[in-house]
Structure formats: C-alpha cells, structure tokens
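For reference, the structure discussed in these notes is given below.
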There are 4 protein chains.
Amino acid sequence: MAATITERGRVDKRQAILDAAFTVFARRGYARACVQEIAEVAGVAKPTVYNHFTDKDTLFRHALTAAADAVLATNLALVDRLRDPHPPLPTALADLAYRLAEGCCDERSRALRWLTYSQVAQSPDLIDKVLSRTADRLGDALADRFARLALAGRVRIADPARAAEHFLVLITGPLEGRSRLGTRPVPPADLRAVTTAAVDTFLAAYRTPDEER
Amino acid sequence: MAATITERGRVDKRQAILDAAFTVFARRGYARACVQEIAEVAGVAKPTVYNHFTDKDTLFRHALTAAADAVLATNLALVDRLRDPHPPLPTALADLAYRLAEGCCDERSRALRWLTYSQVAQSPDLIDKVLSRTADRLGDALADRFARLALAGRVRIADPARAAEHFLVLITGPLEGRSRLGTRPVPPADLRAVTTAAVDTFLAAYRTPDEER
Amino acid sequence: MAATITERGRVDKRQAILDAAFTVFARRGYARACVQEIAEVAGVAKPTVYNHFTDKDTLFRHALTAAADAVLATNLALVDRLRDPHPPLPTALADLAYRLAEGCCDERSRALRWLTYSQVAQSPDLIDKVLSRTADRLGDALADRFARLALAGRVRIADPARAAEHFLVLITGPLEGRSRLGTRPVPPADLRAVTTAAVDTFLAAYRTPDEER
Amino acid sequence: MAATITERGRVDKRQAILDAAFTVFARRGYARACVQEIAEVAGVAKPTVYNHFTDKDTLFRHALTAAADAVLATNLALVDRLRDPHPPLPTALADLAYRLAEGCCDERSRALRWLTYSQVAQSPDLIDKVLSRTADRLGDALADRFARLALAGRVRIADPARAAEHFLVLITGPLEGRSRLGTRPVPPADLRAVTTAAVDTFLAAYRTPDEER
DNA sequence: CATGAATGAGGTTTCATTCAT
DNA sequence: TATGAATGAAACCTCATTCAT
C-alpha cells in the first residue's frame with residue numbers, strides 16, 4: 001500500500017513526461033502543442049514538467065532524441081539480419097527493404113521526421129543531433145554489411161557508404177512521395193512495389209559479379 | 001487611368017504581401033511568423049493583409065503554392081533541356097542532375113520544403129497541393145523525357161515514371177543528408193560528387209543498350 | 001452621437017491607462033499590481049495596455065514620472081507664493097511649510113515616495129528621473145526664493161541651496177517619522193507642530209540680521 | 001554532546017537562513033526574491049526554510065527586524081560616545097554626525113530602508129516594528145544625551161526630542177538626496193560637507209548660551 | 001530535522017483578428 | 001480600400017507551499 005503510493009511518486013514520471021511529450025508534439029506540432037496538454041497526458045501537474053525539463057524547447061529536444069534513439073534501434077536490428085544471409089541476396093535485400101519501409105511508415109518514425117523538419121529554422125543543432133542518431137548511423141551500419149558482402153563477393157560495391165545511401169534513399173524517397181510525406185497510409189501492395197523497385201534498381205546498379213552476363 | 005494605377009497598386013500590394021509572407025514564414029516558420037511582421041515587410045498595415053487574404057492560414061497556403069509554382073517552373077525549364085540532347089546522355093544527365101541539385105539548395109526551395117513538412121500535421125491537403133505542383137509534375141516531365149529517350153533507344157527504361165522517381169531521389173535524398181535538411185551549405189565539390197554518384201548509379205541500373213558488354 | 005462613439009475611442013485611453021496604473025500600483029505596489037487590474041480600472045482590455053506601453057515596467061515608469069510631474073507642479077505653485085511676501089517672513093514660511101507638509105501627506109505624494117523607493121534595487125535610473133523631477137527642482141525653486149530674500153536682507157543665507165535643502169528636510173523628515181512613512185494619518189495639529197518646529201529651527205539658524213539680539 | 005552539536009547546527013542553520021534571506025531580499029526586493037534562492041544561499045533545502053519560518057512573509061519580517069536591531073546597535077554605540085564629551089561640543093557633534101552618516105550609507109542600512117519602504121503598502125505593522133527599533137530609539141537615545149548636555153549648560157535645548165529629530169534629519173535627509181536614495185555612493189568629501197552643514201545649522205539654531213553674542 | 005519531488009494558482013505577454021474611420 | 005486602435009484567447013513560465021521519505 002505504502003509501497004503503491006511510493007511507486008506513484010517514483011515510477012519514472014520523467015519517462016511518462018517524455019512519452020507524453022512526444023505523443024502531443026506529434027499530434028499538434030511544436031508550436032500548437034501546449035505544455036498543459038503534455039502534463040495532462042503524462043498525468044502530472046504542469047510545473048512538474050518544468051521541474052524535469054527547463055523549457056518547452058528543452059523538453060522537445062529530449063523527447064525527439066529519445067524517439068530518434070528508439071527508431072534507430074529498430075532499424076539497426078533490421079539491418080543486423082543481413083549479417084548472415086543464407087537466403088539469396090536479392091531476397092534478403094527485398095526483405096530488409098520491405099521491413100525498413102514498414103518502419104518508415106510507422107507512426108513514431110513519421111512523427112519524428114515531421115517534427116525534426118519543422119524545427120529546421122529554429123534549431124539547426126537539433127537536426128544534427130537527430131540525423132546523426134538515425135540516418136547517419138543507419139547508413140553506417142548498412143555500409144558495414146555491404147562491405148562484408150562485397151568482400152564475400154556477393155555484390156560489387158566499391159564505395160559501401162555510397163551504396164548504403166543509395167539503397168536507403170531508393171526506399172525512403174519514393175515512399176515519401178507515395179505517402180504524401182506520411183499523411184496518407186501506403187497499402188502493403190504499394191509498399192511491396194516501392195521496395196521491389198528499389199531493390200531492382202539497386203541490384204541492377206550494384207549487381208553481383210556472378211550475375212553478370 | 002487613375003483606375004489603372006489603382007488597379008496596379010492593388011495588384012502590387014497583393015504581390016508584395018505574398019512575397020513578404022513567404023519571406024517571413026521562411027524566416028520564422030508558420031507559428032512564429034506573425035502577421036504584424038509580414039505586414040511590415042510588405043509595407044502595408046495589418047488589416048490590409050486581412051483584406052486580401054482572409055486568414056493567416058489562407059495567406060500561408062497562397063504563399064506556399066506561389067512558391068511551389070515558381071520552384072516548379074525553374075525545374076521544368078531544366079528538364080526541358082533534355083529535349084534534344086546532342087551531348088552524350090551521361091553528360092546531359094550529369095548536367096541536369098547538377099542543376100537540379102543546385103536548385104534544391106536554393107533558399108526558396110529549401111524554405112518550401114521546410115514549411116511544407118512543418119505543416120504536415122495541420123493541413124495534409126496543403127501537402128497534396130504542394131507536392132502535386134512540384135515533385136509530381138517534375139517527375140512527370142522527367143518521365144516524359146525518359147520515355148522519349150527510351151523510344152530513341154538511348155536508354156533502357158521499361159517504366160519511365162519509376163526511373164524518373166529513382167533519378168530524382170538519388171539526387172535529392174543524399175543532398176538532404178549532406179545539407180542536414182538544408183541547414184548547412186553544400187560546397188560545389190560535394191554537389192558534384194553527389195550528383196555524379198547519382199548519375200552513375202542511375203546509368204548503371206538503366207544503362208543504355210549500346211553501353212552493355 | 002457618432003461623435004460620442006468617436007470620442008469613446010479617442011478620449012485618451014492612454015491617459016486613462018496612466019491614471020489607472022498609478023492608482024493600482026499605489027494600491028498594491030509594483031509586483032502585486034497586475035496588468036489585468038490596471039486594464040479593468042482603466043476600462044480597457046489588457047492588450048490595449050500593452051499597445052500603449054510595451055511593458056509592465058515601461059508602464060510603471062511612465063505612470064511614476066507623470067505623477068512626479070504633477071506633484072512637482074503643486075509644490076512649485078506653493079513655493080511661488082513666496083515671491084512677494086508682504087506678510088512677515090516667519091508667517092510666510094510657516095504657511096509654506098504647512099502647505100508643503102499637507103502636500104507631502106497627500107495620497108499621491110505618499111504613493112509616489114513608496115513606489116520610487118520600492119524600485120530602488122530594480123531600476124536606479126528611475127529613482128534619478130523621479131528625484132530630478134521632484135526634490136531637485138523643488139529645492140532649486142526654493143533656493144531661488146531664498147536667494148532673493150537674502151538679497152533683500154530679509155534673511156541671512158550664504159548658501160541658498162543648502163538652506164533650501166535644510167528647510168525641506170526639517171519638514172519632510174519629521175513628517176515621515178510621525179506618519180510612519182505615510183502609513184498613519186497625521187492630524188492637523190501634529191502637522192502644525194511639526195512645521196512650526198521646522199520653521200523655528202530654520203529661522204533660528206538662518207535668522208534675519210535685524211531680528212537678532 | 002551530540003545534542004549540543006545538533007543544537008548548534010540547528011541554530012547555525014537558522015541564522016544562516018536569516019542572513020541569506022536578508023542578502024537575497026536586499027538584492028532582489030521582497031517580491032523578486034524567491035525562497036529557492038534564499039535556501040541556496042543559506043546552503044539548505046527549501047523545505048528547511050519553511051521548517052524554521054512559516055512563511056515567506058514571516059521570514060521577511062524576521063530578517064528585517066534582525067537587521068534593524070543590528071543597525072540600531074551600531075548607531076546607539078555611536079551616540080553613546082556623546083556621554084562624556086571632553087572635546088568641545090561642535091567637534092563631538094561633527095564627529096557623531098559623520099559616523100552616523102557613514103552608517104547610513106552602509107549596505108545593510110540602505111537595504112533596510114529600501115525594504116522597509118517597499119513593503120509600506122503590504123504590511124504597515126512591519127514599518128512600525130522597524131521604525132520603533134531604529135529611528136525612534138536612536139532619537140530617544142540622542143534626546144537623552146541632548147537633555148544631559150542642556151542640563152550641563154552646554155547647549156540651549158528646550159525640547160530634546162525635537163532637537164534630536166532635527167539633528168538626525170539634517171543629516172539623513174540631505175544624504176538621501178545626495179545618494180539618490182542610496183543608489184549612488186557618496187564620496188567622503190560630500191559626506192563631510194553634508195554633515196558639516198547639518199551640524200552648522202543645528203548649532204546655529206541650538207547654539208550654546210556661552211557662544212552667544 | 002532535512003530534503004527531493006510535486007502542485008495550485010496566477011501573472012505577463014503575444015497574437016490573430018475585428019471595428020470604425 | 002487602407003488603417004490605427006482595440007480585444008479575446010491562450011500559452012509559457014514562476015513561485016510559494018506541501019507531501020512523503
């Protein structure tokens with residue numbers, strides 16, 4: 001009982017606030033989100049928010065970087081599946097592409113992109129922080145895989161970083177178009193079509209030596 | 001006569017307001033831009049803004065679509081240069097890619113992207129309007145060119161729309177990364193590197209028949 | 001009728017705000033006075049206050065300097081009565097002293113002193129502005145009178161500024177004590193006693209040559 | 001023993017809080033001083049402040065009366081030097097005046113005056129408490145000395161209380177003007193000039209019988 | 001007794017928008 | 001039509017004060 005009460009005070013209000021903040025920011029955007037609502041969603045009083053995070057701005061940054069970390073973790077896990085591709089490469093890549101695309105369409109990922117973009121003019125440093133925690137590290141991880149695959153002769157890639165970048169933009173670029181920057185759901189069939197096209201083009205460009213004629 | 005001048009004055013004011021609006025929105029973002037400042041930059045009084053555009057929101061939409069039209073016009077002109085490519089295709093594409101990339105880094109184009117993205121949650125329909133006036137139509141135009149080139153046997157493209165999309169994202173995608181979503185200037189050398197890489201990959205994937213081994 | 005309506009908008013809301021501001025600041029002190037209440041007392045909406053005066057602070061300064069000017073005007077008028085003292089000097093001085101003392105106990109004058117003092121730590125420049133508009137100029141004016149009287153041989157004063165200063169503090173100093181810094185009304189009898197004592201001491205120190213023995 | 005130390009610690013903390021409170025109140029004024037900062041300066045946690053003093057207001061009163069007592073003690077010690085003035089009276093008075101003036105310009109004394117004045121509207125009773133502990137008792141003490149001096153025939157004073165009051169305001173009044181209510185340091189030369197003038201006027205008014213012509 | 005954490009209340013300010021000329 | 005002046009609505013933030021340890 002006493003423990004329960006104690007718990008109430010302890011069970012990371014800080015985390016609750018962070019989560020609520022991301023939810024509300026995602027729902028309303030930075031400017032239209034009011035700390036009041038964040039506090040309500042988090043189940044705390046407004047000043048508690050300010051006790052943990054100095055500013056609305058500070059809160060925003062924390063919420064965004066947390067979300068960025070989470071998104072990155074998910075994506076890294078996917079890339080990691082390329083580590084030992086028993087299935088033939090095209091299949092493995094198609095699978096990866098599809099799953100990445102799915103992740104891209106995920107609520108959290110979309111909100112992260114919106115919010116990051118929306119603050120471009122106000123806080124360029126935040127953009128840097130988010131990008132370095134997401135796109136950059138995802139690109140790196142993928143480049144690592146590509147380098148291994150190239151060494152193993154599974155694919156002909158001279159510049160793994162470039163290849164990774166191209167692979168990713170061939171997926172995410174068309175996806176942004178199809179989903180109208182994430183405002184419209186992309187049916188699975190379209191998701192499949194986009195990723196298939198991406199992998200096709202990618203493999204045609206970086207085709208494995210043994211597939212050459 | 002006097003009427004004409006008045007008419008002129010009116011038209012000019014409207015345009016001045018639109019320009020000022022885009023300038024201020026680009027500088028501050030939608031929420032932080034205040035109608036007051038827009039009026040000042042336009043050299044009119046605040047109510048005059050409301051006489052021409054009902055709402056801050058309406059003004060925003062008009063300003064954005066106007067900017068979108070302008071950006072599109074620039075890009076279409078570039079694509080049009082592919083109409084009769086006397087120079088060999090790789091050179092022509094590289095040239096196009098570089099010029100598109102340049103345009104992408106342009107102040108107006110960057111601001112347009114920021115602002116569009118930032119309002120994703122508030123007005124999805126605006127996103128649609130902007131995209132259909134820019135990316136979509138640019139893709140179409142490029143697809144047209146690709147179709148002609150394919151017919152002429154200059155390149156092997158089965159799905160011109162898809163090829164156009166891939167061509168464009170191979171340029172813009174990496175650029176967004178390099179420029180940190182447009183917050184950092186991209187030196188010409190990097191611009192060249194990115195576009196060269198894009199064209200390389202594109203041509204490797206959609207290589208011209210006569211270049212095949 | 002239309003004129004009436006016009007009047008409503010015109011009849012210096014600015015002045016109404018200034019008056020209300022002084023009233024409310026005097027009632028509550030700077031910090032506890034809220035702009036809300038000032039607006040209500042002035043019969044305008046809160047933002048109107050901010051349209052005329054940028055800040056609560058700015059409003060405070062304007063209100064205080066306006067009050068200072070008013071208080072000064074009253075006091076100068078009193079001093080001016082010394083210009084041609086047909087009545088014997090002691091009577092004239094006693095009269096002046098009494099009237100100055102009365103003015104000192106006046107609501108507005110007391111509030112001005114409180115408010116000025118209370119902001120000493122926050123805005124020393126305001127203190128300067130108020131003092132130079134009140135005490136300094138009152139001292140000057142009185143010194144002028146004393147100089148004339150000395151020239152006329154009515155009183156023996158070597159340093160008129162010093163004499164004026166002493167004359168004034170002999171009145172206001174004891175008054176602050178009696179009134180407990182203005183928190184307690186001073187009955188007319190006490191007022192008379194204080195001023196009589198002041199003039200006695202003053203004349204004893206600066207007695208006219210012909211009165212000596 | 002341990003109890004003693006604890007007791008000590010407690011006493012020390014209470015005193016530390018009182019000191020910190022006066023420091024912070026003096027620095028910021030009543031309203032802008034926040035208990036948080038007082039606690040920090042005192043080196044304790046916020047609730048500790050509330051454990052010792054119920055209120056911000058209560059704390060203020062305690063801090064102010066403590067300061068008033070200290071200021072009074074200093075001044076009384078000065079007045080006490082008049083007890084047996086072997087030196088000629090004018091010198092002794094000039095000395096006293098100068099020392100009182102110095103004390104008046106002291107940081108603590110100035111802050112005490114500011115703070116007292118600033119709360120005039122909020123807590124008239126506090127004004128009473130402070131005045132009765134400072135000005136009143138100082139006046140009394142001085143009146144005592146004057147009475148003795150008068151009895152000894154050193155000075156012609158019919159009403160010692162009145163004389164004491166006049167003596168003090170002739171010093172402090174001009175000083176407040178010169179120092180702009182304490183916001184500007186008064187150079188020693190000015191201090192000397194002011195006090196000399198005060199004593200001159202005082203002695204001219206209450207001149208000793210044997211000095212008369 | 002001392003404290004970290006939480007909160008209720010309230011205040012300044014900003015801004016989109018509308019009158020009335 | 002263009003504008004100076006006015007306003008309603010809200011949002012951020014601060015702070016005195018209290019729990020529960």
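Every chain is numbered from 1 and lettered A, B, ... according to where its sequence line falls, protein lines coming before strand lines.
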Exercise. Please name the residue in the list C/L64, C/I38, C/T54 that meets the side-chain contact (heavy atoms from CB on, under 4.5 Å) test with C/L59.
Key: C/I38
Practice problem: Grab the CG-C1' distance between C/D57 and E/dG11 for me, whole Å please. | Solution: 15 Å
Quiz item: So does A/N51 reach the base of E/dA5 with its side chain, donor to acceptor, closer than 3.5 Å?
Solution: no
Quiz item: Quick one: is E/dA5 close enough that its OP1 or OP2 comes under 4.0 Å of any side-chain N or O from A/T48?
Solution: no
Quiz item: Could you state the CZ-C1' distance from D/F53 to F/dA16, rounded to the nearest angstrom?
Solution: 16 Å
Quiz item: Taking all non-hydrogen atoms of both residues, which atom of C/A68 and which atom of C/V130 are closest, and how far apart?
Solution: CB-CG1, 4.3 Å
Quiz item: When you measure from the side chain of B/Q122 to the backbone N and O of A/R28, does any donor-acceptor pair fall under 3.5 Å?
Solution: yes
Exercise. For A/K13 and F/dC19, give me the distance from atom NZ to atom P, rounded to whole Å.
Key: 15 Å
Self-check item: Options F/dT7, E/dT12, F/dT3, nucleotide nearest the side-chain atoms of C/V44
Solution: F/dT7
Quiz prompt | Under-3.5 Å donor-acceptor pair between D/K46 side chain and F/dT17 base | solution = yes
Exercise. Would you check if there is a donor-acceptor pair between the side chains of B/T23 and B/R27 at a distance under 3.5 Å?
Key: no
Self-check item: Contact nearer the 5' end of DNA chain E, comparing B/D55 with D/P47
Solution: D/P47
Quiz item: How does DNA chain E look in dot-bracket form if you count Watson-Crick and G-U pairs under 3.5 Å, write [ ] for pairs that cross, and put | where a base pairs with another strand?
Solution: .||||||||||||||||||||
Quiz item: What is the distance, rounded to the nearest whole Å, between atom NE2 of A/H52 and atom C1' of F/dC13?
Solution: 16 Å
Quiz item: Where along residues 18-40 of chain C does a heavy atom come under 4.0 Å from DNA chain E, residue by residue in number order?
Solution: C/A33, C/C34, C/V35
Practice problem: Take the protein atom NZ of C/K56 and the nucleotide atom P of E/dT12, then report the distance between them rounded to whole Å. | Solution: 4 Å
Quiz item: Do C/K13 side-chain atoms and C/A42 backbone N/O form a donor-acceptor pair below 3.5 Å?
Solution: no
Self-check item: Whole-Å gap separating P (E/dC15) and OH (B/Y50)
Solution: 11 Å
